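On a predicted model such as this, the values are computed, not experimentally measured, just so you know.
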Amino acid sequence: MRLKNRFPAAAAIAAYLLSLLLPGPVSAQPSSDTSRYEVCGYMPSFFPLMKEALTWPEAWGNSPEKDFVKWKGQARGIVLGCMENLPPAPLGFAPEITASEQRNGYSARKILFNVSQWCRVPAYLLVPDGKGPFPAVIVLHDHGAHFSIGKEKVVRPFAVPPEVEKDAELWVEKFYDGVFIGDMLARNGFVVLAVDALYWGERGRREGADYDVQQALASNMLQMGSSWGGFITADDLRSADFLASLDCVDSTRIGCLGFSMGAYRAWMLAALSDRIAVSASVCWMNTTGYLMTMDNNQNKGGSAWSMIVPGLRRFMDYPHVAAIACPRPALFFNCRQDKLFPTEGVEEAYDVLRRTWEEQDAGDSLVTRLWDGNHFFNRQMQEEVLEFLCRWL
């Protein structure tokens with residue numbers, strides 16, 4: 001009876017699960033009663049019970065810690081604690097320029113640097129003309145189930161084969177309204193860093209990209225006590241440290257920006273790094289309650305592996321983690337017709353974010369907005385993001 005009172009919406013499912021334990025009539029033929037299956041589609045049949053069991057005990061307002069600054073430290077520690085067996089910090093970044101070209105108002109450089117003691121990574125670095133130091137933005141590329149390019153989704157590539165140039169142009173037309181976001185920021189006076197995440201672009205798979213490899217890659221990393229999602233976030237944290245080390249950068253004025261998975265990476269980075277003064281996240285914010293449903297793309301796995309930190313949902317939901325960045329300026333855009341992120345979940349997450357920033361007397365530094373349209377970063381959104389970054393950086 002206590003279970004029924006606590007989880008009224010799940011009473012029927014609980015009764016069904018109990019029925020599985022009771023003996024039934026013996027039959028020589030396989031049962032055709034599909035109600036006895038415990039997996040439906042991609043989900044366990046008891047997933048509503050699992051969701052109702054998530055109480056977010058370490059979220060701000062639920063945590064026993066009532067001092068916000070102390071809570072931020074504790075919450076950040078919980079997130080980092082779930083990201084285990086990650087590569088150690090580099091002993092030195094040792095940057096190297098491998099190619100460069102002059103563009104309209106800025107120089108574009110292809111570089112290599114040590115993001116950890118395990119990985120030396122390729123990146124694009126855009127530096128405005130003139131005397132620095134300049135404000136800077138880490139531009140974080142999306143997922144898109146498209147792995148042949150990464151950093152080239154946000155910075156116009158050069159010194160690459162023609163097929164890479166074409167790939168990037170088509171992708172930017174499809175999702176960024178024809179604009180290379182990094183180049184747009186560089187023309188407006190920002191140093192820009194764009195780095196391939198593991199499995200994208202020049203950090204891809206020797207045998208070639210394959211959508212299904214995501215599951216095996218993530219599984220193998222879990223088997224070794226790590227996680228793909230945690231690894232990507234750790235690389236982003238070290239990239240912020242690298243950017244702050246450059247003479248051309250004002251280390252007190254560093255922001256981050258991303259679309260889709262890049263947006264997830266942006267608010268995660270802002271939550272976990274004090275290097276980030278401002279963040280802008282376009283088309284990735286929601287709550288577990290609305291993402292974990294029978295018909296949402298998130299439940300198919302695959303692409304979700306790159307954004308999973310094991311065990312974190314036991315403590316906090318997505319907006320609770322993003323709120324660790326409060327009271328620093330943050331922008332969140334989503335789209336009403338975006339099938340990946342249900343509007344109800346976006347609004348629920350935005351309520352959490354607004355409540356947190358307003359409680360800390362920082363409501364004027366938070367922007368949350370729902371736009372009409374699909375999963376897309378259009379030019380008007382880009383202009384408002386640029387204005388936001390210019391205002392705070």
If we ignore hydrogens and angles and just use 3.5 Å, is the side chain of [X] paired with the main-chain N or O of [Y] as donor and acceptor?
X	Y	result
Tyr264	Met307	yes
Asn299	Tyr42	no
Asp167	Glu163	no
Gln360	Glu358	no
Asn114	Arg120	no
Lys153	Ala168	no
Thr356	Val352	yes
Lys110	Ala99	no
Thr233	Gly229	yes

Checking Thr368 against Arg354 for the side-chain hydrogen bond (donor to acceptor under 3.5 Å, both in side chains) test, could you report, in this order, the C-alpha distance in whole Å, the side-chain angles of both residues, the deciding distance, and whether it holds? CA-CA 8 Å; Thr368 58; Arg354 283 192 292 263; 2.7 Å; yes

Would you mind reporting whether [Y] and [X] have side-chain heavy atoms less than 4.5 Å apart?
X	Y	value
Phe242	Ile111	yes
Cys40	Phe47	no
Met268	Val321	yes
Tyr211	Ser303	yes
Tyr106	Arg187	yes
Cys283	Phe377	no
Val179	Glu173	no
Tyr199	Val213	yes

Where [X] and [Y] come nearest, the two heavy atoms and their spacing:
X	Y	result
Gly61	Lys66	O-NZ, 3.4 Å
Phe46	Glu38	CE2-OE1, 3.9 Å
Pro95	Phe113	CA-CB, 4.2 Å
Glu384	Trp371	OE2-CH2, 3.5 Å
Arg253	Pro133	NH2-O, 3.8 Å
Val160	Pro157	CG2-CB, 3.8 Å

Are any of the side-chain nitrogens in [X] or [Y] under 4.0 Å away from the carboxylate oxygens of its partner?
X	Y	answer
Asp235	Arg203	yes
Glu169	Arg156	yes
Glu58	Arg314	no
Arg76	Asp274	yes
Asp67	Lys70	no
Arg336	Asp372	yes
Glu202	Lys151	yes

Please report the C-alpha distance between Asn374 and Lys339 in whole Å, then the side-chain angles of each, then the deciding distance to 0.1 Å, and finally whether the side-chain contact (heavy atoms from CB on, under 4.5 Å) criterion is met. CA-CA 7 Å; Asn374 298 312; Lys339 296 180 180 179; 5.8 Å; no

Between [X] and [Y], is there a shared hydrophobic cluster once you connect ILVMFWY residues whose side-chain heavy atoms come closer than 4.5 Å?
X	Y	value
Leu140	Leu272	yes
Trp392	Met381	yes
Met285	Met292	no
Met316	Leu353	yes
Val137	Val121	no

Take atom [atom1] in [X]; do more than 12 heavy atoms of anything else shown fall under 6.0 Å from it?
X	atom1	result
Asn104	CG	no
Gln337	CD	yes
Lys166	NZ	no
Glu344	CD	yes

Going by ring pair (Phe, Tyr, Trp, His ring centres under 6.0 Å), His141 matches just one of Tyr124, Phe147, Trp200, Phe180. Which one?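 Per the ring pair (Phe, Tyr, Trp, His ring centres under 6.0 Å) rule, the option paired with His141 is Trp200, out of Tyr124, Phe147, Trp200, Phe180.
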
Without hydrogens or angle criteria, can the side chains of [X] and [Y] be said to hold a donor-acceptor pair below 3.5 Å?
X	Y	value
His375	Ser260	yes
Asp317	Thr287	no
Asp177	Gln380	no
Trp60	Glu359	yes
Tyr350	Asn286	no
Arg328	Ser279	no

Under 6.0 Å between the ring centres of Trp284 and Tyr318?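 Distance test on ring centres: under 6.0 Å, yes.
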
Mind checking whether Tyr176 and Phe259 have ring centres under 6.0 Å apart?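 When the ring centroids of Tyr176 and Phe259 are compared, they turn out to be within the sub-6.0 Å range.
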
Contacts of type ring pair (Phe, Tyr, Trp, His ring centres under 6.0 Å), residue Phe231, not counting sequence neighbours: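 Expected list: none.
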
Of all residues at least two apart in sequence or in a different chain, which pass the ring pair (Phe, Tyr, Trp, His ring centres under 6.0 Å) check with Trp171?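 Residues passing ring pair (Phe, Tyr, Trp, His ring centres under 6.0 Å) with Trp171: His146, Phe175.
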
Could you go through the side-chain contact (heavy atoms from CB on, under 4.5 Å) check for Ser306 and His143 one step at a time? CA-CA 9 Å; Ser306 59; His143 186 296; 3.3 Å; yes

For Met50 and Met43: C-alpha separation, side-chain torsions, deciding distance, then whether side-chain contact (heavy atoms from CB on, under 4.5 Å) applies. CA-CA 11 Å; Met50 296 184 72; Met43 297 286 274; over 6 Å; no

Test side-chain contact (heavy atoms from CB on, under 4.5 Å) applied to Leu217 and Gln214, step by step: CA-CA 5 Å; Leu217 174 63; Gln214 295 178 98; 5.8 Å; no

Say you draw a straight line from CZ of Phe190 to CE of Met184; how long is it, rounded to the nearest 0.5 Å?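 Taking CZ in Phe190 and CE in Met184, the distance rounds to 9.0 Å.
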
Please determine which of Asp241, Asp250, Asp236 meets the salt bridge (charged side-chain N to carboxylate O under 4.0 Å, His left out) test together with Arg275.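 Result for salt bridge (charged side-chain N to carboxylate O under 4.0 Å, His left out) with Arg275: Asp241.
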
Within 45° of the axis and under 6.0 Å from the centre of the six-membered ring of Trp267, does NZ or CZ of Arg265 qualify?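 Ring-cation test returns no.
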
